[in-house]
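Everything on this sheet refers to the single structure shown next.
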Amino acid sequence: MQRNKGAHTLKTLLIVEDDRSLNKGIALTLSQNDLSIQQAYDIASAELLLSSLKIDLIILDINLPDGSGLDYCEKIRRTSQVPIIFLTANDMEPDIVTGFELGGDDYITKPFSLMVLRARVMAVLKRSAPHSEDKVTIGPLSFDFGKLEFYKNQEQLILSKTELKLLKIFVTNPGIILNREQLIDKIWSQEAEFVDENALTVAVKRLRAKIEDEPSAPQYIKTVYGLGYLWAERPNP
């Protein structure tokens with residue numbers, strides 16, 4: 001399992017707000033959370049920063065000197081899914097709805113508490129952070145559960161929803177024997193009691209056919225007779 005837990009990753013926030021004192025107040029408040037802060041006072045300077053730096057979240061005022069934050073959000077969304085929190089004096093319902101429809105992740109109306117803003121920023125960052133178990137590399141196999149991209153020897157694998165669930169359970173429990181009842185319950189949850197055991201056998205067979213070099217002598221998904229199945233390979237360090 002590839003885990004990126006070594007060094008603490010510093011998140012970079014971009015504040016796009018033309019009120020300089022408010023911009024500074026937000027920056028001071030958020031910098032206390034080990035966040036790197038970039039400040040812009042208009043769309044033009046924001047675009048320069050966004051094109052040259054890896055930004056993890058944008059706090060975006062709607063009424064800016066050189067345009068609308070809503071229009072700018074729409075432009076950003078054509079190429080990026082960076083989280084965006086709108087900041088505005090407009091508390092009209094249509095403006096809030098438009099902000100979310102254009103891809104905003106949150107919406108804070110002025111005046112507001114800086115402590116509340118900080119809490120909401122941290123909540124959005126937490127939601128948008130990729131899980132450490134999303135990316136797994138095992139020999140010639142590469143799985144990205146976040147992007148739903150799966151490869152063997154750099155050739156893409158097409159997995160069904162059931163195969164995807166089964167694979168995720170296996171690779172997150174390496175070396176552990178999983179009995180058939182456990183697997184059926186995890187994959188089919190509410191419908192588990194109505195699922196024939198043969199459905200699991202078929203799902204395992206199909207997954208083996210896609211990831212194993214020799215499905216009849218599997219390297220990854222081992223059958224433990226009388227008990228269940230075991231994922232035998234550890235992910236790359």
Side-chain angles (χ1 to χ4, degrees), residues 1-91 95-136 144-149 237:
M1 183 90 44
Q2 289 183 331
R3 296 180 187 273
N4 303 318
K5 288 190 174 181
H8 174 69
T9 305
L10 194 68
K11 299 287 186 183
T12 302
L13 270 62
L14 172 59
I15 304 167
V16 190
E17 165 62 64
D18 61 319
D19 181 328
R20 288 177 179 265
S21 62
L22 179 58
N23 195 318
K24 183 179 179 183
I26 295 169
L28 285 171
T29 301
L30 294 176
S31 63
Q32 297 167 19
N33 286 76
D34 294 328
L35 299 170
S36 172
I37 308 297
Q38 297 291 326
Q39 294 168 269
Y41 306 103
D42 52 36
I43 291 171
S45 54
E47 287 189 313
L48 285 172
L49 289 167
L50 194 57
S51 65
S52 60
L53 297 171
K54 183 189 178 297
I55 302 295
D56 297 289
L57 184 143
I58 301 172
I59 295 174
L60 181 59
D61 188 23
I62 284 182
N63 297 310
L64 291 160
D66 55 350
S68 162
L70 291 171
D71 293 338
Y72 184 42
C73 172
E74 189 174 20
K75 182 180 179 182
I76 291 169
R77 280 291 174 261
R78 291 175 200 152
T79 56
S80 171
Q81 290 303 309
V82 60
I84 294 173
I85 296 178
F86 283 114
L87 201 62
T88 179
N90 300 333
D91 60 354
D95 290 321
I96 297 173
V97 171
T98 301
F100 283 120
E101 286 177 345
L102 291 175
D105 294 86
D106 206 346
Y107 198 110
I108 300 175
T109 58
K110 303 172 186 175
F112 56 86
S113 156
L114 287 171
M115 294 301 106
V116 169
L117 172 65
R118 184 168 70 179
R120 290 170 85 158
V121 164
M122 301 313 290
V124 171
L125 282 173
K126 190 174 181 181
R127 285 201 304 270
S128 63
H131 295 292
S132 60
E133 295 171 348
D134 274 353
K135 293 184 180 181
V136 182
D144 189 328
F145 291 96
K147 293 181 179 178
L148 299 181
E149 293 178 353

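- Of the inter-residue distances, the one linking Leu70 atom CG with Ile62 atom CD1 reads 4.0 Å to the nearest 0.5 angstrom.
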Exercise. Between Lys135 and Phe145, is a side-chain contact (heavy atoms from CB on, under 4.5 Å) present by the stated rule, with each step listed?
Worked result: CA-CA 6 Å; Lys135 293 184 180 181; Phe145 291 96; over 6 Å; no

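- At least one side-chain heavy atom of Tyr107 sits under 4.5 Å from a side-chain heavy atom of Thr88.
- The distance from atom CG of Leu30 to atom CD1 of Ile37, rounded to the nearest 0.5 Å, is 5.0 Å.
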For this session: Would you check, one step at a time, whether the test side chain to side chain donor-acceptor pair (under 3.5 Å) holds for Asn23 with Ser21?
Result: CA-CA 5 Å; Asn23 195 318; Ser21 62; over 6 Å; no

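- Looking only at side-chain heavy atoms (C-beta outward), Leu28 and Lys24 come within less than 4.5 Å of each other.
- With rounding to the nearest 0.5 angstrom, the CG atom of Leu57 is 9.0 Å from the CG atom of Leu14.
- Under the 3.5 Å distance criterion, the side-chain polar atoms of Ser31 are matched with a main-chain donor or acceptor of Ala27.
- The distance from the CD1 atom of Ile58 to the CG atom of Leu49 is 10.0 Å, given to the nearest 0.5 Å.
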For this session: Decide yes or no on side-chain contact (heavy atoms from CB on, under 4.5 Å) for Asp144 and Val136, but give the supporting numbers first.
Result: CA-CA 6 Å; Asp144 189 328; Val136 182; over 6 Å; no

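- Between Lys126 and Asp56, none of the side-chain N atoms (NZ, or NE/NH1/NH2) sits under 4.0 Å from a carboxylate O, so this pair counts as no salt bridge.
- Under the 4.5 Å side-chain criterion, counting only non-hydrogen atoms from C-beta, Thr29 is in contact with Met115.
- Applying the side chain to side chain donor-acceptor pair (under 3.5 Å) test to Ser68 and every residue at least two apart in sequence or in another chain returns nothing.
- Listed by chain and number, the residues in a side chain to side chain donor-acceptor pair (under 3.5 Å) with Asp42 are Ser45 (sequence neighbours excluded).
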For this session: Could you give me the CA-CA distance, side-chain angles and deciding distance for Leu87 and Lys110, then say whether side-chain contact (heavy atoms from CB on, under 4.5 Å) is met?
Result: CA-CA 7 Å; Leu87 201 62; Lys110 303 172 186 175; 4.2 Å; yes

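- Between Leu13 and Ile55 the shortest side-chain heavy-atom distance does not fall below 4.5 Å.
- Note that CG of Leu22 and CD of Glu17 are 4.5 Å apart. Values are rounded to the nearest 0.5 Å.
- Summarising the geometry of Gly69 relative to Leu60, their closest heavy-atom pair is O-CD2, 3.3 Å, with the distance given to 0.1 Å.
- Considering all non-hydrogen atoms of both residues, Thr12 and Lys54 come closest at CB-O, 3.6 Å.
- Side-chain atoms of Ser80 do not come within 3.5 Å of backbone N or O of Arg77 as any donor-acceptor pair.
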For this session: Step by step, work out the side-chain contact (heavy atoms from CB on, under 4.5 Å) result for Tyr72 and Ile84.
Result: CA-CA 11 Å; Tyr72 184 42; Ile84 294 173; over 6 Å; no

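- Between Leu53 and Gln38, some side-chain heavy-atom pair lies under the 4.5 Å cut-off.
- In this structure, Glu149 has no side chain to side chain donor-acceptor pair (under 3.5 Å) partners at least two apart in sequence or on a different chain.
- Asp106 contributes atom CG, which lies 4.0 Å from atom CZ of Arg120 (distance to the nearest 0.5 angstrom).
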